[in-house]
Amino acid sequence: MLTVQEAFACVMNTAVDFGIEEVSITQAHGRILRETIYADRPFPPFDRVTMDGIALNFQDYENGRTDFEIQGLQAAGFQQQKLQHNGCIEIMTGAILPDNTDTVVPYEDIFRNQNTFSIIKGIQKGQNIHQQGSDVKKGEALLYPGIKITGAEIAVLATVGKTNIRVSRQPKIALVATGDELIAINEEPKLHQLRISNVYAFQSVLNEIGVEAYIHHIKDDKETLHKEFSNLFAQYDLIICSGGVSAGKFDYIPEVLKELNVATRFHKVKQRPGKPLLFAVSDKNVPFFGLPGNPVSGFMCLHRYVLPWLYQSLQMNPVPVQMQAVLTKDVKFDKPLTYFIPVNVQVTSQGSLHANPHLTNGSGDFAILTSANAFMELDEKKDEFKAGEIYPVWFYKSL
Ligand SMILES: Nc1nc2c(c(=O)[nH]1)N[C@H]1C(S)=C(S)[C@@H](COP(=O)(O)OP(=O)(O)OC[C@H]3O[C@@H](n4cnc5c(N)ncnc54)[C@H](O)[C@@H]3O)O[C@H]1N2
Ligand code: MOO
Ligand SMILES: [Mg+2]
């Protein structure tokens, strides 16, 4: 049986590239950029005034002048004006600095007379001007391939006039719930039945990272599984399946994969929950994650294995970092398995991450996940984990 690290390495070694597509800027949020974006002009593109007031030539002030004749008004969005000697131009924030001026004095530091402004406070040459190109030179790279596009990147793309953007193509993902006990969520369950919940949880997690996935439900019938999976492998880039991978009489997934010539890379990992995890790849290179049916197991495996594989395959760079947190209570776990315990991670007033462990009621207890926000990964080689020790955490909810 593989360790968590071995299973993870095996999964990551099969990461693929889904290719590139072009989307409009209004559709780009959450997508992974696949081109370098350059500045088409300097930032700012002209000497930009940063305060409302007057613009003057500092030389005049240095020569002893304190009263400046008002020669014009320069508003944002209008062509550059030119100052004659000894005067000033009233100027608004965002306007281009008038020719023959080099200093801007805000209204707070001047006094208006009939046709002049008097300076009532000392001024510095060049003040209140955002110099052309002082942030970014024309042609400089602003964004690199691999970054996730969010609000700040959208602002940069809009600034340089990129209306269409090359991003990683979305994989087509099938989410398959297997099981005779499962019914649709809008149906009333009989005593022995359950509403399909896992795959809805998986779908919402995938949507949050900008990936769409389509839900299917297949009964525990070998022939049906064979037929349906044969179609799914032909139609999808990735299959995430829930259930049917442990030792039960109706856990047909391993056999059906064999029949379909889909090579199992590993089945079972030294971990709790999620020990029955299965990973396979078809002859057409379509990966298959067989997540254990118990809700907490599947949810943990999705975050520990499937999401990193997806980030890598979407060519995300850098991939989200693995965090570490301080355990706040002693935990004992003496099986030779890596233990993923739900924790509620909070930031302390000193700025460190503290993880409060939640004792679960087994891996079927989905409700516990709503009061935690991460899984802490406790090493298989140890049995006792002390308060104050630091271990890796895998977030499923942001802080
Ligand atoms: N003899 C053994 N029995 C079991 C083992 C084992 O090693 N030997 N492993 C246990 C572990 S650990 C887990 S986890 C489960 C995994 O079972 P399967 O992946 O085969 O899943 P199922 O048998 O189909 O279902 C298990 C459980 O999960 C519920 N389930 C399944 N799909 C959904 C869904 N979409 N939404 C909500 N709930 C779902 C299902 O009703 C079952 O209760 O096996 C143990 N047994
Ligand atoms: O994955 Mo199972 O119990 O470890 O739920
Ligand atoms: Mg089973």
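Just follow the structure's listing: the first ligand is 1, and inside any ligand the first atom is 1.
- Judged as a side-chain contact (heavy atoms from CB on, under 4.5 Å), and not counting sequence neighbours, Q114 has no contacts.
- Of the candidates V160, L157, T159, V160 is the only one forming a side-chain contact (heavy atoms from CB on, under 4.5 Å) with L142.
- Residue L194 has at least one heavy-atom neighbour below 4.0 Å for each of these atoms of ligand 1: 41 (O).
- Under the 4.0 angstrom criterion for non-hydrogen atoms, P273 is not in contact with ligand 1.
- Ring-plane geometry between F299 and Y396 is classed as perpendicular, the angle between the planes exceeding 60 degrees on a 0 to 90 degree scale with a lower cut at 30.
- The closest approach between any non-hydrogen atom of G244 and ligand 1 is below 4.0 Å.
- Within ligand 1, counting atoms from 1 as listed, the ones closer than 4.0 Å to a heavy atom of A177 are 35 (N).
- Considering both main-chain and side-chain atoms, P276 never comes within under 3.5 Å of ligand 1 through any nitrogen or oxygen pair.
- Of all the heavy atoms of D220, none lies under 4.0 Å from any atom of ligand 1, so neither backbone nor side chain is involved.
- One finds the CG atom of D383 at 9.5 Å from the NZ atom of K335 (value rounded to the nearest 0.5 Å).
- Under the 4.0 angstrom criterion for non-hydrogen atoms, S242 is in contact with ligand 1.
- Side-chain N/O atoms of E90 and Y107 include a donor and acceptor closer than 3.5 Å.
- At a cut-off of 3.5 Å, with distance as the only test, no side-chain donor of S297 or N294 sits close to an acceptor on the other residue.
- Listed by atom number, the atoms of ligand 2 under 4.0 Å from P273 heavy atoms are 1 (O), 4 (O), 5 (O).
- Atoms of ligand 2 found under 4.0 Å from any heavy atom of S297 (numbered from 1 in listed order, with element): 1 (O), 2 (Mo), 5 (O).
- Among N198, T178, L291, the residue whose heavy atom sits closest to atom 38 (N) of ligand 1 is N198.
- Under the 6.0 Å cut-off for aromatic ring centres, F385 and Y391 qualify, their centroids lying closer than that.
- Inclusion of S297 in the set of residues having an N or O under 3.5 Å from an N or O of ligand 1 is not warranted.
- Under the 4.0 Å criterion applied to side-chain N and carboxylate O atoms, D17 and R34 are assigned as salt-bridge partners.
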(request) With salt bridge (charged side-chain N to carboxylate O under 4.0 Å, His left out) as the test, would you mind laying out the steps for R31 and E21 before giving the verdict? (result) CA-CA 11 Å; R31 305 294 295 270; E21 65 180 342; 2.4 Å; yes
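- Ion pair K382/E384 not flagged as a salt bridge, since none of the NZ, NE, NH1 or NH2 atoms sits closer than 4.0 Å to an Asp/Glu carboxylate oxygen.
- With a heavy-atom cut-off of 4.0 Å, N294 touches ligand 1 through backbone and side chain alike.
- Annotation: G274 places no N or O atom under 3.5 Å from an N or O atom of ligand 1; distance criterion only.
- Heavy-atom proximity to K275, at under 4.0 Å, picks out these atoms of ligand 2: 1 (O).
- Side-chain N or O atoms of H29 include none that pairs as donor or acceptor with a backbone N or O of I154 at under 3.5 Å.
- Ligand 1 has an N or O atom lying under 3.5 Å from an N or O atom of V245, backbone or side chain.
- Heavy-atom contacts of D251 reach the following atoms of ligand 1: 20 (O), 23 (O) (cutoff under 4.0 Å).
- The option with the heavy atom closest to atom 1 (O) of ligand 2, from among P276, G274, P292, is G274.
- Between Y252 and F250, the angle of the ring planes goes over 60°, which puts this pair in the perpendicular group of the 30/60° scheme.
- For ligand 1, the polar-atom distance check against E181 finds a nitrogen or oxygen pair separated by under 3.5 Å.
- The option with the heavy atom closest to atom 46 (N) of ligand 1, from among S246, G179, P295, is S246.
- Any N or O atom pair closer than 3.5 Å counts here, and K268 shares no such pair with ligand 1.
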